[in-house]
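Reading through the structure tokens given below for one structure.
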Protein chains: 2
Amino acid sequence: MAKAKKKSSRDRILDAAEKLFAQHGFDGVTMRQIMRAAGADVALAYYHFKSKRDLFDAVMLRRVELLNEIRLEALEDLERRHKDNPPTVEEIISAFVNPLLELLAREQGKWRHYYALIAQINNSTEFGGELMTRYFDPLVKRFIGALRRALPECDERDLFWSYHFLSGALTLTFAETGRIDNLSGGICRSDDMDAANARMPAFIAAGFKALCVPRKQSAPKRAKRKTVSRRARK
Amino acid sequence: MAKAKKKSSRDRILDAAEKLFAQHGFDGVTMRQIMRAAGADVALAYYHFKSKRDLFDAVMLRRVELLNEIRLEALEDLERRHKDNPPTVEEIISAFVNPLLELLAREQGKWRHYYALIAQINNSTEFGGELMTRYFDPLVKRFIGALRRALPECDERDLFWSYHFLSGALTLTFAETGRIDNLSGGICRSDDMDAANARMPAFIAAGFKALCVPRKQSAPKRAKRKTVSRRARK
DNA sequence: AACACATTTCAACGTTCGTTGAAATATGGA
DNA sequence: TCCATATTTCAACGAACGTTGAAATGTGTT
């Protein structure tokens, strides 16, 4: 508490809203709960932000710019170090994931709720398509461009689907839901981001390299579906 | 409409609740909205189910049993065909994913909402750990057992983290959020489950095989974190 | 001190929420 | 037909919702 600046009420409202939205979702939280956590009257939220929805947008926007900036820098750093030969897939994935860890280490428990919020949005049929596109697509397209150069003659659809799998694995992991703790009987921990980060780039990069290869057939026919046996039918 | 049985009001309530919960989440929907969609008085919901929360649980339970049963059967079928040599990782993943496709084809637009609901729950910090564990862990542990046999001398933690990545990729994909449509400029479609299914087993199996290998070092140190440059700091 | 302006509180608005007791209706066996 | 029971509707409860106008308080300038 030496050089801790006093936080503005606006920031305290955003902090409380971020945490509660992440824990219970937009509709699972009331303005009164948020303002009680922020320690101020409920009307103050409507002075700084004109509606509940605008408060939610402000929560999202507060961090997305910095996140995108740092990720972009990680990618440009990487490409600068590989003047001629393109960086490997694994290096690109790491440049996409590492900034999340960096920010988490920089401000304990700040970004944690933000990541949980993003995971919710990413998996929401209502907002997933629209919001993730608005906030992340320009950056994601840059990373996909780098992956395209690292995977020559790759089919475009394979590339996008591979990123889609990456996106699902990444957001769930950073949501820290506690699921893996239960499933593994405690030998893995949701909040052990270093353990996750030690494994995710290798896992995901292998997926990209297996899927994004030039093919003779343009029609994707690798997996064949098997009919379900009669017995299981209702 | 030849042999279509008249649906009970209980089922119509469950159908309406399933669809609306999937679209807007538990707190984003009111009992009155659900009963309006079901075409009955709101009090009827409290006659069949005693509370909103119990209705939600009934929605979840209605399908999870059949889903687990069919998935288990797919795995046992597979193991029966491989008496001595264990099935490949890719075959096991397909046995885990294919039933989702089968059920989707069997009743159009029924399971779709259910999968979207599961994706929400899986990525919820509030319920993700608890509900997914309760509904799916016994089955998932059987699949992980099969994967363990297919990946000899695999580190347990690698195995669980690999399944975790699979879980995130799978639930996001079956949530059909529309994100990949936007990102890809239309060349990939969220509702093209065949395209997803043609790619996911190969992608995920490659991840498992890359990560779940015997290692000299027990400490996971494959990925090194890089510090973020000064400029990006606030 | 007096002022303009930003910030915060107070008290309430109309609406909608989840839920319920009691009445009305449908159903099926005696 | 009558009755017991299951299903469905009606009308309302208190509580909590998002939001707001106006008053009170703080802050910095002249």
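Note on naming: letters A, B, ... go to the chains in the order of the sequence lines (proteins, then strands), and numbering restarts at 1 for each one. These numbers come from a predicted model, not from an experiment.
Spacing between atom CZ of A:R32 and atom C1' of C:dT16 amounts to 13 Å, rounded to whole angstrom units. Regarding A:M31, its CE atom lies at a distance of 17 Å from the C1' atom of C:dA12, rounded to whole Å. Nucleotide C:dG18 holds its P atom 4 Å from the NZ atom of B:K52, rounded to whole Å. When rounded to the nearest whole Å, the span between CD1 of B:I34 and P of C:dT19 equals 11 Å.
In summary, A:D15 and A:R62 engage in a salt bridge, as defined by a charged side-chain N under 4.0 Å from a carboxylate O.
In the set D:dT19, C:dG18, D:dC10, the nucleotide with an atom closest to the side chain of B:D41 is D:dC10.
For residues 12-30 of chain B, proximity to DNA chain D is found at no residue, defined as any non-hydrogen atom under 4.0 angstrom from a strand atom. Within residues 43-50 of chain B, the residues that place at least one heavy atom under 4.0 Å from DNA chain D are, in residue-number order, B:A43, B:L44, B:Y47, B:H48.
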Report, one line per pair, each donor and acceptor closer than 3.5 Å where one atom sits in a side chain of residues 24-32 of chain B; sequence neighbours left out.
from  : atom 1 : to     : atom 2 : distance (Å)
B:H24 : ND1    : A:E126 : OE2    : 2.7
B:T30 : OG1    : B:R32  : N      : 3.4
B:T30 : OG1    : B:Q33  : N      : 3.0

- request: Show your working on side-chain contact (heavy atoms from CB on, under 4.5 Å) between A:L166 and A:F208 and close with a plain yes or no.
  value: CA-CA 9 Å; A:L166 158 61; A:F208 268 90; 4.3 Å; yes
message: The test is salt bridge (Lys or Arg N to Asp or Glu O under 4.0 Å); show your working for A:E76 and A:R142 and say whether it passes.
response: CA-CA 10 Å; A:E76 287 176 343; A:R142 281 231 33 179; 3.5 Å; yes
field: Check against side-chain contact (heavy atoms from CB on, under 4.5 Å), B:R179 and A:S167
entry: CA-CA 10 Å; B:R179 169 91 201 280; A:S167 175; 4.1 Å; yes
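A:L139 contributes atom CG, which lies 11.0 Å from atom CD of A:E69 (distance to the nearest 0.5 angstrom).
Not one side-chain nitrogen or oxygen of A:S9 sits closer than 4.0 Å to the OP1 or OP2 atom of C:dT7.
Relative orientation of the B:Y115 and B:W111 rings is tilted, given thresholds of 30° and 60° on the angle between their planes.
Counting non-hydrogen atoms of neighbouring residues, nucleotides and ligands closer than 6.0 angstrom, the CZ atom of A:R63 exceeds 12 such neighbours.
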